[in-house]
2 protein chains.
Amino acid sequence: MDSVTLHREQDKDADKQAKPGRLVDQVLVELQTDIIRGELAPGSKINEQDIAQRFGISRGPAREALQALERQRLVVRAPHIGARVAHLTIEELNELYQLRSVLEAMACELAAKNITPEQLAKLKSLIKTQQAALASDDPYFQQQGDVDFHYQIIQASGNRHLQETLVGGLYHLLRMYRFQTSNRNRPVEAIAEHKAIVEAIAGGDGELAALLMRRHIERGRISTENKLKAMQQAEGLSSLNQ
Amino acid sequence: MDSVTLHREQDKDADKQAKPGRLVDQVLVELQTDIIRGELAPGSKINEQDIAQRFGISRGPAREALQALERQRLVVRAPHIGARVAHLTIEELNELYQLRSVLEAMACELAAKNITPEQLAKLKSLIKTQQAALASDDPYFQQQGDVDFHYQIIQASGNRHLQETLVGGLYHLLRMYRFQTSNRNRPVEAIAEHKAIVEAIAGGDGELAALLMRRHIERGRISTENKLKAMQQAEGLSSLNQ
DNA sequence: CCCACCAATATTGTCAACAATAAAAATCCA
DNA sequence: TGGATTTTTATTGTTGACAATATTGGTGGG
């Protein structure tokens, strides 16, 4: 009990911003980041008690965070057994991208109809930011820009169920694949493709935007698949040596 | 999730009987049914303590059940405020069916490639069952058959993310709309359309199956939309009289 | 009468302890 | 020794109590 109070007092001062919200929300983002970056390794067990101790909270909110992570496909839970970080497999990558391609193509078609001038301006400025960020050569920063690009189009679709399905259900797992494969995502080409997609949306040509998005995503899938294959091959070899 | 849990009939007399598994699983199916059938009215507040008392359990599992219902879009939750049964609106109906159409069309294309002989046989027998059930004139029984039909095609797609998105995320809300609009779903025509879809899948023509599915779903949407409009109009009139 | 403010109530959020179950370790027997 | 069985331990599932917050109802001033 004292540790909780102490932890909160610390939060107010420096460590993290004062968060008036629920503990589960504060814990969730940190666990998300840890899983996506692989600091919690794929397949590794996540203990409710450990999470609780790490954050100085009780098992209640920790358990709820794990349930939220399950919803986001980042962990797999089984009754009486517990939670494990999701495995990254080539089969699942392909299934995930197959679904993502269909959904984001849909988002493009809707965005071409429904996008607001503000959203369009934001998309265009995002492209400019990405072009400038190319010089930074920071893969995480670049990936963030890519994620934002797709996120903005999803928002512009105006379909709340589509938004919730993609952002709430698939996108975190997607980020996990891309981060852990160290996927630079062909930065130069990707930005050019982004630009073409935005232009199609701006011109109201949803069919073209959807086509370009499908191709864009397929190229990303191939790139990620190759990286993952190489990683898993290396992993297999190293495990033979033990 | 499998077809049994999707539409299991609750045993009304099993309050104190043998309870396998976790409390949240037992509570969840009953709450699902109550919400889908409107016994918990759309927009009504759901109190954690009330749920706990009703099922003779503590607030912990009751709370987890509400979180699961939120994932299924059947309730909307807000921090420190609580859970309410989802509202049925025409706008959301359209967004939901728009997404569903895209996803089930995708399921058809995949099913045409990946369906197993056993799954195909099950689909065909389902059609025969539905034709026989037409005589029964029981709308709930007929709807179950329709749900099963779509469920089987989703399973036959072989894409686990697609399955989870549709069955775990959208399908319960879909059932809610269809049940509460008392939608008979044009039984005679619907079964004919089902048959055509199965034949296209059996023939390996995913493109045709997807096209037929989109049309089938669009017809269902129109039917449901009309019913919902009539209901909301009646509701508006009656509320004027109070 | 209405609006702002404050007190009382109800509900959600959090916690620590206990129970039930699965995993791990130890034991026994062939 | 090896495999099955029992015991032990660790982890999840569940509970009731307490804390924090939102809602409701009341009160006073304009």
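We name chains A, B, ... by the order of the sequence lines, and we start the count at 1 in each one.
- Heavy atoms of other residues, nucleotides or ligands lying less than 6.0 angstrom from NZ of A:Lys113 number 12 at most.
- Taking the C1' atoms of five terminal pairs at each end of the helix from C:dC1-D:dG30 to C:dA30-D:dT1, the two resulting helix axes are inclined by 10°, rounded to 10°.
- With 3.5 Å as the limit, one finds a donor-acceptor pair spanning the side chains of B:Gln32 and B:Gln72.
- Side-chain N/O atoms of A:Arg73 and B:Thr165 include a donor and acceptor closer than 3.5 Å.
- With distances taken from any side-chain atom of B:Ser58 to the nucleotides D:dT14, D:dA17, D:dG13, the minimum falls on D:dT14.
- Across B:Ile57 and B:Pro61, no two heavy atoms sit closer than the pair CD1-CB, 3.9 Å.
- Residue A:Gly60 is classed as having no contact, given no heavy-atom separation below 4.0 Å to the nucleic acid.
- Taking atom CZ on B:Arg59 and atom C1' on C:dT11, their separation rounds to 7 Å, with Å as the unit.
- Atom CZ of A:Phe55 and atom C1' of C:dC15 are 18 Å apart (whole Å).
- Atoms CD1 (A:Ile81) and C1' (C:dA20) sit 14 Å apart, rounded to a whole Å.
- Here B:Arg63 does not reach the OP1 or OP2 of C:dT12: none of its side-chain N or O atoms lies under 4.0 Å away.
- Residue order along DNA chain C, read from the 5' end via each residue's closest nucleotide, puts A:Pro61 first among A:Pro79 and A:Pro61.
- When rounded to the nearest whole Å, the span between CG of A:Leu66 and P of D:dT11 equals 14 Å.
- Checked for salt-bridge contact, A:Arg63 and B:Glu64 meet the test: a charged N lies under 4.0 Å from a carboxylate O.
- Remark: P of D:dG16 and CD of B:Gln53 are 11 Å apart, rounded to the nearest angstrom.
- Computed from coordinates, the B:Ile57 CD1 to C:dA20 C1' distance equals 16 Å when rounded to whole Å.
- There is no side-chain donor-acceptor pair under 3.5 Å between A:Glu92 and A:His87.
- Between the A:Asn114 side chain and the A:Ser157 main chain, a donor and an acceptor come within less than 3.5 Å of each other.
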#### Entry: Stepwise side chain to side chain contact (heavy atoms under 4.5 Å, CB included) test for B:Leu74 and B:Val85
CA-CA 6 Å; B:Leu74 291 181; B:Val85 179; over 6 Å; no
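- Look at NE2 on B:His80: it is 11 Å from P on C:dT12, rounded to the nearest Å.
- Rounded to an integer number of Å, the gap from CG of B:Leu23 to C1' of C:dA19 is 12 Å.
- A donor-acceptor pair is defined here as one N or O able to donate and one able to accept, closer than 3.5 Å; such a pair exists between the side chain of B:Ser125 and the backbone of B:Lys122.
- Against DNA chain C, the stretch residues 42-51 of chain B makes heavy-atom approaches under 4.0 Å through B:Lys45, B:Ile46, B:Asn47, B:Glu48.
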